[in-house]
Trainee: 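Take a look at this one; I'll ask things after.
The structure presented is a predicted model; accordingly, all values stated were derived computationally and were not measured. Atoms considered below: every heavy atom in the structure, side chains included; atoms not considered: hydrogens, waters and symmetry mates.
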Amino acid sequence: MWDTYLYVFLQAIKVFASLHTPTTTMIYAILAAGDGSRLQQEGLSTPKPLLRVGGEPLVDRLLRIFMDNDATEIWMACNAAMQSVTAHMEHIRQNGLNGRRIPLRLIPTTTPSSAHTLEVLTRHMPAAPFILTTVDTVFCEEEFSDYTKAFKVQACNGCDALMGVTTYIEDEKPLYVDVDEGECIKGFYDEVAAGLAHVSAGIYGLTPATVQPLRQCLQRGEQRMRNFQRALIASQLKVMAWEFGKVIDIDHTGDIAEAERMVAR
């Protein structure tokens with residue numbers, strides 16, 4: 001009988017430890033299924049994932065940073081029509097990046113929105129916490145490393161989503177974020193209002209609990225990522241904020257020079 005009690009006690013300790021110890025598995029995901037239409041309209045023919053910032057393609061930079069932060073899997077949804085991007089990623093998948101093996105899972109797809117692309121990824125990815133960015137998101141590497149460490153802890157302590165936010169506003173249509181004193185997010189808004197100092201940085205730490213609200217959004221015809229974020233609040237999930245100093249989304253040719261300056265600094 002005492003052996004049974006001891007076994008139950010030890011199992012309880014393992015469960016408790018799993019809830020309060022950061023996970024050793026680190027999964028990342030990249031949204032790169034867009035067509036880069038705004039850059040094309042400004043005369044830039046290079047596919048967005050292959051644009052160079054700091055001497056390396058945007059997608060290579062993300063892969064390198066993810067590997068520097070203990071990536072065990074990297075999932076990427078790319079535009080199936082962009083053959084140069086698909087070929088580039090297949091080469092990395094088979095041969096590595098600068099001599100480094102990359103645990104890349106490539107999903108060529110064509111979807112009407114980023115939210116749809118994310119939903120496609122979740123069908124293939126394991127049911128585990130992961131960090132998501134768009135391929136054109138440029139951020140400080142040291143800040144991202146701190147964010148990754150924070151997400152590992154938060155995901156094991158009841159946080160359903162850890163959203164990157166910033167007070168640096170360069171987006172044409174920013175998503176304003178209402179953050180309370182405890183770093184909990186209370187709401188996402190299209191228009192600025194008193195007390196709203198932060199905007200979404202396009203960096204998302206997500207857990208399996210966020211997948212159902214995403215699918216419900218799409219079923220309602222709500223295709224934008226900001227609607228998905230609002231759905232997380234409506235579903236009463238625990239959504240936290242983590243502040244970055246500066247994050248740049250490369251939507252226009254002028255953003256490339258700004259990103260170069262930020263990386264150089």
Side-chain angles (χ1 to χ4, degrees), residues 22 26-31 53 58 61-62 65-66 69 113-115 117-118 129-207 209-211 213-214 217 222 224-251 255 258-259 261-263 265:
M26 198 61 244
I27 301 173
Y28 296 90
I30 303 171
L31 298 180
V53 169
L58 287 172
R61 180 176 190 269
L62 285 177
I65 293 172
F66 293 165
N69 287 279
S113 73
S114 294
T117 306
L118 174 56
F130 66 98
I131 290 176
L132 170 78
T133 74
T134 54
V135 74
D136 62 341
T137 303
V138 180
F139 44 76
C140 170
E141 295 183 38
E142 291 78 9
E143 288 182 348
F144 185 79
S145 181
D146 291 339
Y147 166 77
T148 299
K149 293 171 185 175
F151 176 64
K152 289 180 181 179
V153 174
Q154 292 282 14
C156 292
N157 287 279
C159 178
D160 296 303
L162 183 65
M163 301 302 200
V165 300
T166 178
T167 56
Y168 174 74
I169 303 176
E170 54 88 30
D171 200 297
E172 296 171 345
K173 296 180 180 180
L175 178 63
Y176 294 92
V177 187
D178 187 3
V179 182
D180 69 15
E181 294 179 355
E183 303 304 321
C184 286
I185 294 178
K186 299 187 292 182
F188 295 93
Y189 303 95
D190 292 329
E191 303 294 336
V192 67
L196 299 183
H198 297 89
V199 297
S200 173
I203 300 171
Y204 316 86
L206 303 172
T207 65
T210 64
V211 174
L214 169 64
C217 266
E222 299 172 358
R224 305 183 72 187
M225 284 294 287
R226 58 184 58 197
N227 290 331
F228 161 56
Q229 294 179 75
R230 293 187 182 107
L232 299 179
I233 303 299
S235 298
Q236 298 184 332
L237 297 183
K238 184 177 182 181
V239 184
M240 305 286 291
W242 199 95
E243 185 169 348
F244 284 81
K246 187 174 184 178
V247 177
I248 298 174
D249 290 334
I250 298 182
D251 294 320
D255 297 329
E258 181 62 25
R261 287 190 290 269
M262 190 184 91
V263 170
R265 286 195 296 268

Trainee: Quick one: list whatever passes ring-ring contact (aromatic ring centres under 6.0 Å, His included) with F130, sequence neighbours left out.
Mentor: none
Trainee: Counting C-beta onward and ignoring hydrogens, is there a side-chain heavy-atom pair between F139 and I65 closer than 4.5 Å?
Mentor: yes
Trainee: Which residues satisfy the salt bridge (Lys or Arg N to Asp or Glu O under 4.0 Å) test with E143, sequence neighbours excluded?
Mentor: none
Trainee: Under 30°, 30 to 60°, or over 60°: which ring-plane class applies to F144 and Y28, parallel, tilted or perpendicular?
Mentor: tilted
Trainee: Should L118 and L31 count as side-chain neighbours, where that means a heavy-atom distance under 4.5 Å?
Mentor: yes
Trainee: With K238 as reference, evaluate N157, D160, L162 under the side-chain contact (heavy atoms from CB on, under 4.5 Å) test and give the passing residue.
Mentor: D160
Trainee: For residues G245 and Y168, report the shortest heavy-atom separation together with the two atoms involved.
Mentor: O-CB, 3.8 Å
Trainee: Who passes salt bridge (Lys or Arg N to Asp or Glu O under 4.0 Å) against D249, sequence neighbours left out?
Mentor: none
Trainee: Can you see which heavy atom on T137 is nearest to which on G202, and at what distance?
Mentor: OG1-O, 4.1 Å
Trainee: Can you give me every donor-acceptor pair (side chain of residues 175-185, partner residue at least two apart or in another chain, under 3.5 Å) with its distance?
Mentor:
{"unit_1": "D180", "atom_1": "OD1", "unit_2": "G182", "atom_2": "N", "d": "2.9"}
{"unit_1": "D180", "atom_1": "OD1", "unit_2": "E183", "atom_2": "N", "d": "3.1"}
{"unit_1": "D180", "atom_1": "OD1", "unit_2": "C184", "atom_2": "N", "d": "2.9"}

Trainee: Which pair of heavy atoms, one from T210 and one from A161, lies closest together, and at what distance?
Mentor: CG2-CB, 4.3 Å
Trainee: Write down the atom of A115, the atom of L214, and the distance for their closest heavy-atom approach.
Mentor: O-CD1, 3.9 Å
Trainee: Once you round to the nearest 0.5 Å, how far does CD1 of I203 lie from CD1 of I131?
Mentor: 9.0 Å
Trainee: If you look at every heavy atom in I250 and A259, which pair is closest and at what distance?
Mentor: CD1-CB, 4.1 Å
Trainee: Got a second to check how far L206's CG is from I27's CD1, nearest 0.5 Å?
Mentor: 12.0 Å
Trainee: Could you check M26 against F151 for side chain to side chain contact (heavy atoms under 4.5 Å, CB included), going step by step and ending with a plain yes or no?
Mentor: CA-CA 10 Å; M26 198 61 244; F151 176 64; 4.0 Å; yes
Trainee: Under a 4.5 Å cut-off applied to non-hydrogen side-chain atoms, are K152 and K149 in contact?
Mentor: no
Trainee: Measuring only between side-chain heavy atoms, which start at C-beta, is V263 closer than 4.5 Å to R61?
Mentor: yes
Trainee: Do Y147 side-chain atoms and M163 backbone N/O form a donor-acceptor pair below 3.5 Å?
Mentor: no
Trainee: Output the distance between atom CG (L132) and atom CD1 (I30), rounded to the nearest 0.5 Å.
Mentor: 9.0 Å
Trainee: Identify each donor-acceptor pair in which a side-chain atom of residues 225-234 lies under 3.5 Å from a protein atom, sequence neighbours left out, and give them as a table.
Mentor:
{"unit_1": "R226", "atom_1": "NH1", "unit_2": "D190", "atom_2": "OD1", "d": "2.7"}
{"unit_1": "R226", "atom_1": "NH2", "unit_2": "K173", "atom_2": "O", "d": "2.6"}
{"unit_1": "N227", "atom_1": "OD1", "unit_2": "R230", "atom_2": "NH1", "d": "2.9"}
{"unit_1": "R230", "atom_1": "NE", "unit_2": "F188", "atom_2": "O", "d": "3.1"}
{"unit_1": "R230", "atom_1": "NH2", "unit_2": "D190", "atom_2": "OD1", "d": "2.6"}
{"unit_1": "R230", "atom_1": "NH2", "unit_2": "D190", "atom_2": "OD2", "d": "3.1"}

Trainee: Rounded to the nearest 0.5 Å, how far does CG of L196 lie from OG1 of T167?
Mentor: 13.0 Å
Trainee: Does D136 reach the side chain of D251, with side-chain heavy atoms less than 4.5 Å apart?
Mentor: yes
Trainee: side-chain hydrogen bond (donor to acceptor under 3.5 Å, both in side chains) between T117 and S114: does it pass, once the steps are laid out?
Mentor: CA-CA 5 Å; T117 306; S114 294; 5.5 Å; no
Trainee: At their closest point, which heavy atom of T166 faces which heavy atom of A201, and how far apart are they?
Mentor: CG2-CB, 4.2 Å
Trainee: Show every side-chain hydrogen bond (donor to acceptor under 3.5 Å, both in side chains) that has at least one partner inside residues 191-204, sequence neighbours left out.
Mentor: H198-E243
Trainee: To the closest 0.5 Å, what do you measure between NZ (K246) and CE (M262)?
Mentor: 7.0 Å
